[in-house]
Every structure is written in C-alpha cells, then in structure tokens.
Amino acid sequence: MLLIKNTSQLSLVAAFDEACLGYSSNVAQALGPINVQLKQGQRFVLTGDNGSGKSLLLKTLAGVLPILKGQLTIFTERIAYLSQEHSRPDVWPLTGYDWFEMMGADRPLGKACPLSSGLLDRRLDQLSGGQWQRVRLSAVFASGADLIILDEPTNHLDHFAKTLLADRLHALPSNCCLLMTSHDSLLMEGLDVETLKLEKLKIERLELETLKMEESKAERITAKQHSEFASHVG
Amino acid sequence: MLDSFWIWPFISGASIAFLLGLAGATLFLRSAIWQGLVVGQSAAAGGVLASVMALPLVPVALLFSALVSLLTRRKAKLQQERLLLAFLLCGALMTLLIVNIPQASVAASRWLEGDVYFITRQDSLWLLIPIMMLAVGYSTLQRVWQHSQIMPDRGCAPRLSRWRFLFEAFWQLLLIVLGCLFLGLPAALFLILLPAWIAAFVANGFKPFLLLSSLISLVLFVISWAVALDLDQPFSPILILLGSSFALLIYLLKPFFMTKK
C-alpha cells in the first residue's frame with residue numbers, strides 16, 4: 001500500500017513499514033520486509049552488491065514501481081528522482097530549458113548552477129553523456145524537492161563535474177532529504193552522510209569508515225580482479 | 001480556388017493538416033510513430049467495416065482504432081511485434097471486405113485515396129472536437145507530452161491523473177481517424193510522419209518543434225492542394241512527392257543546421 005500525505009509540518013519524508021519491494025513478475029526475488037524512515041535533512045548513501053536491490057528501492061520510493069506488500073508512506077509530493085540512465089533519442093529537439101520546465105524546476109538565472117552553466121540553450125541530443133548528466137542533475141537540484149533520490153549520480157561525470165556535484169550536495173537545503181546510490185568514494189568524502197547497506201534482503205546501517213575499508217580492500221587485489229570486484233563494492 | 005465550393009474542403013483540410021503535424025510531433029517525441037501508423041490503418045479498416053454495416057463512420061472507426069491502440073499500447077510486451085501484427089490484420093480485413101462486399105470497395109477508396117476536395121460542411125463539424133480539446137485542454141496535453149519525456153526520471157511537477165492520459169489519447173485517436181477520413185490513409189500518415197521528422201532536425205526547443213512541425217504540415221497541404229488541383233492529379237501522391245522532395249532538401253542542408261556532439 002502506498003500512502004501519500006500532504007503534511008508538510010512533519011519531519012518525516014517517507015517511511016517503509018514492513019515493505020516488500022520487487023517486480024510483480026518476479027515475486028520470488030522480492031526485497032524486504034524493510035523498515036526505514038527518511039526524515040528531513042537526512043543524507044543517505046545506499047550501498048550493496050550488484051543486484052542487491054538498490055535501484056529497486058530507489059524506484060519504489062520515487063513511485064516508479066509499486067510495493068508488493070506492507071506500506072510505504074510518502075509525506076511529500078515534492079520528490080525528484082534521477083534514474084541510473086536516461087537514454088536519449090538520436091534526434092531530440094528539446095533544450096536544457098525544456099528539461100528544467102518538464103522537471104518542474106525553476107529556470108536558473110545567470111551562473112546560478114555551475115553544473116549546467118552554458119548547456120541549457122543547447123539541444124539535448126547534442127550534449128555529450130557527461131553534459132547530459134549535468135543538466136539532469138542540475139534540474140533535480142533546482143526542482144526544490146523535499147526528497148532527492150539519485151541513482152549513481154556520478155555516471156559519465158569527469159573529475160571536475162564530480163567536484164561541482166559534491167559542492168551542490170553540500171549546499172542542499174537543510175530540510176531536504178537525500179538518498180542516493182554511489183560507488184564513488186570521492187563523492188562521499190566530506191559529505192555528512194549515513195550509509196545504508198543492502199545485504200541479503202535487509203538493510204544494515206554502516207559508518208562511512210566501514211565503506212572506506214571495503215574500498216581499500218578492493219585496491220589491494222590484483223589488477224585482473226579489480227574490475228570485477230569494483231563492480232561489487234560500493 | 002476558394003469560392004464557396006472549395007471553402008469547406010480547404011478549411012477542413014488545412015485544419016486537419018495543422019493538427020496532424022502537431023500530433024505527429026508528439027508521437028515523434030515518444031518514438032511512437034509506428035503506433036500512429038497502425039492507428040491510421042485500423043481507423044481505415046474500421047471505417048470500411050462501418051460502411052459495410054451501414055453504421056456511423058467516425059464513431060466506429062474511432063472505436064476500432066481505440067481497441068487496436070489498447071492492444072498495442074507502449075507498455076505492452078513485444079510491442080513492435082504487436083504493431084506489425086495489427087497492421088497486417090487490419091490490411092487483411094480491408095482486403096477481404098473489398099473483395100467480398102461490393103460497397104466496401106467504394107468506402108475503401110475514400111479511406112485509402114482521400115476525399116479532400118469533397119469534404120462536406122457536415123464532415124467538418126467533427127473537427128470542432130479536437131480543436132476545442134486543444135484550445136481548452138492545451139495545458140493538459142502539454143503536460144502529458146512533457147511527462148513522456150522525463151521518464152524514467154521524475155521531477156517535482158504534480159503527478160498526472162489517469163483521465164489526463166485518456167484525454168490526450170482520445171485527442172490523438174480522433175485526429176488520426178479524421179485525418180484518414182479527410183485526406184486518405186497515405187496522406188494522413190505522411191503528415192504524421194514527415195513534418196515532425198523534418199522539424200526535429202531544425203527546431204531548437206519543445207514548443208518551436210511542435211509549432212514548426214504543424215506549420216510544415218500546413219504549408220505542405222496548401223502547396224499540394226494547389227498543385228494537385230492545377231495538374232488535375234490526386235491529392236495524396238502529390239503531397240507525398242512534394243513532401244519527400246522537401247525532406248530531401250532539408251536532409252542535404254542538415255549539416256548547416258546541426259552541429260556534432
């Protein structure tokens with residue numbers, strides 16, 4: 001059951017209550033039951049192995065997928081969700097300004113958002129993958145959402161863009177709740193985030209240090225194994 | 001050319017051409033051009049069926065194409081295969097009706113070749129429905145079109161209720177049905193496909209794209225109308241030949257409009 005409550009006074013943004021998540025076509029692989037509360041101002045990074053259900057959880061929270069069992073209560077309608085990939089048609093005559101309008105975001109003035117600076121008046125099909133990701137991210141941040149959900153936001157971004165993204169995450173309003181998945185420790189460094197690890201159909205809370213330990217372990221393994229391991233460790 | 005005999009056909013044809021250009025642009029944005037073509041084919045089959053059974057043309061064609069549209073909706077599994085199957089089935093139905101029932105031949109001729117120079121004032125009244133829907137519900141239509149673009153992302157724009165999607169789907173269906181009835185299946189499908197295609201290469205932005213597609217469609221209609229009348233040729237082939245030549249010209253000039261990624 002999905003409940004949507006318009007009670008802006010509450011500090012809760014969303015709450016999973018004994019919620020089972022999954023695809024109705026494959027109930028056997030359902031995730032849960034999950035009991036998690038997201039509150040205003042909280043910042044979470046979701047980690048877990050490939051296929052552990054990170055994107056599934058984010059999609060469910062964003063309303064893209066229904067929950068299979070239990071209850072998900074959403075206390076705001078102002079949710080912005082950036083999916084892991086957004087493929088573009090070969091010919092797509094929309095501009096960055098159109099994208100902002102479609103996302104319900106305010107049109108940025110001047111250099112209000114360095115992430116999308118100089119990109120908004122261009123056709124979206126003429127942007128590189130990294131530029132497209134920057135426009136998408138910028139629109140999410142400009143949407144004034146109470147809950148921001150980012151699925152691998154550093155995809156396609158170069159080092160400079162990742163720095164801009166980290167700055168933007170630092171500057172999020174204090175009442176905004178953030179939930180994201182990322183395999184990029186550089187992004188999380190310096191961010192005051194709690195880490196949630198999805199493992200064996202349940203969520204464990206981890207400290208950031210634990211995550212870093214896992215990453216240093218990854219660095220020690222041989223080059224041959226590295227790419228395989230890196231895809232499993234956040 | 002615009003004396004009293006031609007006025008209703010011209011106004012109706014120009015209006016439906018403009019609207020088909022708009023509908024085609026929104027189908028193009030959703031990569032749903034094939035669905036538009038199948039809806040057109042099914043509208044023609046439904047129209048021929050209605051003629052044979054002495055039923056009202058537009059409502060039956062609308063119902064028939066709505067049914068086909070439902071069976072081939074975008075979220076359905078194997079959508080491409082379903083579209084092709086529906087296209088073939090509608091074609092088979094029309095062929096069988098034409099071969100076996102004499103009066104179906106006349107009806108099919110109208111749906112396939114178009115009747116643009118003989119649109120009556122009575123026919124034209126049907127156009128008031130999509131025009132009114134566009135005038136009154138443009139914001140709803142635009143939000144549905146925009147919503148289709150942001151998926152799988154989600155923004156803070158208010159969520160759309162189911163009736164808004166139904167409103168937009170009905171508007172599209174009605175336009176395609178009326179387009180096929182007025183201009184004939186090939187001309188209507190051509191105006192759904194080509195103006196949007198051309199506009200997509202040169203427009204810079206959502207609204208300019210919609211407007212440009214509609215205007216290209218309108219201009220193609222007007223030129224084809226005049227040329228076909230002047231040369232005493234059928235309307236559809238002239239429209240398709242002129243439009244294709246125009247598209248080829250745009251394609252050759254494309255490097256001047258588009259920059260590389």
Side-chain angles (χ1 to χ4, degrees), chain A residues 4 25 55 58-59 61-65 74 76-106 120-129 131-132 135-137 139-151, chain B residues 21 24-34 75-77 139 141-161 193-214 216 247 250-251 254-255 257-261:
Chain A
I4 298 177
S25 57
S55 294
L58 298 193
K59 281 180 190 171
L61 191 57
V64 177
L65 291 174
I74 306 283
T76 178
E77 285 193 340
R78 299 197 63 79
I79 299 173
Y81 165 62
L82 180 110
S83 62
Q84 198 171 100
E85 291 289 341
H86 191 302
S87 58
R88 290 168 291 165
D90 291 339
V91 182
W92 205 22
L94 308 186
T95 64
Y97 287 120
D98 292 322
W99 188 257
F100 266 59
E101 187 184 340
M102 290 170 181
M103 290 288 285
D106 295 329
L120 296 184
D121 56 351
R122 292 173 56 185
R123 281 172 60 121
L124 297 179
D125 58 0
Q126 291 176 16
L127 300 179
S128 70
Q131 289 173 325
W132 168 225
V135 169
R136 290 173 66 210
L137 281 165
V140 164
F141 293 129
S143 64
D146 299 323
L147 172 59
I148 289 180
I149 305 165
L150 307 176
D151 198 348
Chain B
T26 64
L27 289 171
F28 183 93
L29 283 176
R30 287 177 277 189
S31 303
I33 285 289
W34 274 105
K75 286 181 182 172
K77 286 180 180 173
S139 64
L141 294 171
Q142 180 177 292
R143 283 182 57 197
V144 173
W145 300 333
Q146 290 181 330
H147 176 81
S148 69
Q149 300 304 288
I150 62 170
M151 292 291 280
D153 289 359
R154 180 187 163 178
C156 278
R159 307 194 87 178
L160 296 173
S161 56
L193 176 71
L194 199 93
W197 192 10
I198 296 171
F201 280 106
V202 293
N204 192 41
F206 177 68
K207 285 173 185 166
F209 170 59
L210 299 185
L211 187 62
L212 189 59
S213 176
S214 306
I216 290 172
I250 294 291
Y251 179 76
K254 192 180 76 169
F257 292 111
M258 292 191 77
T259 55
K260 287 184 178 176
K261 276 187 187 179

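- For the pair A/Leu120/A/Val135, a side-chain contact is recorded, criterion being any heavy-atom separation below 4.5 Å from C-beta on.
- A donor-acceptor pair shorter than 3.5 Å can be found between the side chains of A/Ser83 and B/Asp153.
- The candidate with the highest count of non-hydrogen atom pairs below 4.5 Å against chain A, out of B/Arg154, B/Lys207, B/Arg143, is B/Arg154.
- Of the listed residues (A/Ala80, A/Gly144, A/Gly96), the greatest number of heavy-atom pairs within a distance under 4.5 Å of chain B belongs to A/Ala80.
- Using a 4.5 Å heavy-atom threshold, the side chains of B/Phe206 and A/Met102 count as touching.
- Considering only residues two or more places apart in sequence or on other chains, A/Trp132 meets the ring pair (Phe, Tyr, Trp, His ring centres under 6.0 Å) condition with A/His86, A/Trp92, A/Trp99.
- The part of A/Glu85 that comes within reach of chain B is its backbone (N, CA, C, O), which places non-hydrogen atoms under 4.5 angstrom from that chain.
- With chain B as partner, the option from A/Val64, A/Val140, A/Ile79 having the largest number of non-hydrogen pairs under 4.5 angstrom is A/Ile79.
- Within the 4.5 Å cutoff, the side chain of B/Thr26 has heavy atoms near those of the B/Arg30 side chain.
- Looking at A/Asp121, only its backbone comes within 4.5 Å of chain B, counting heavy atoms on both sides.
- Only the side chain of B/Phe209 comes within contact range of chain A, with at least one heavy atom under 4.5 Å from a heavy atom of that chain.
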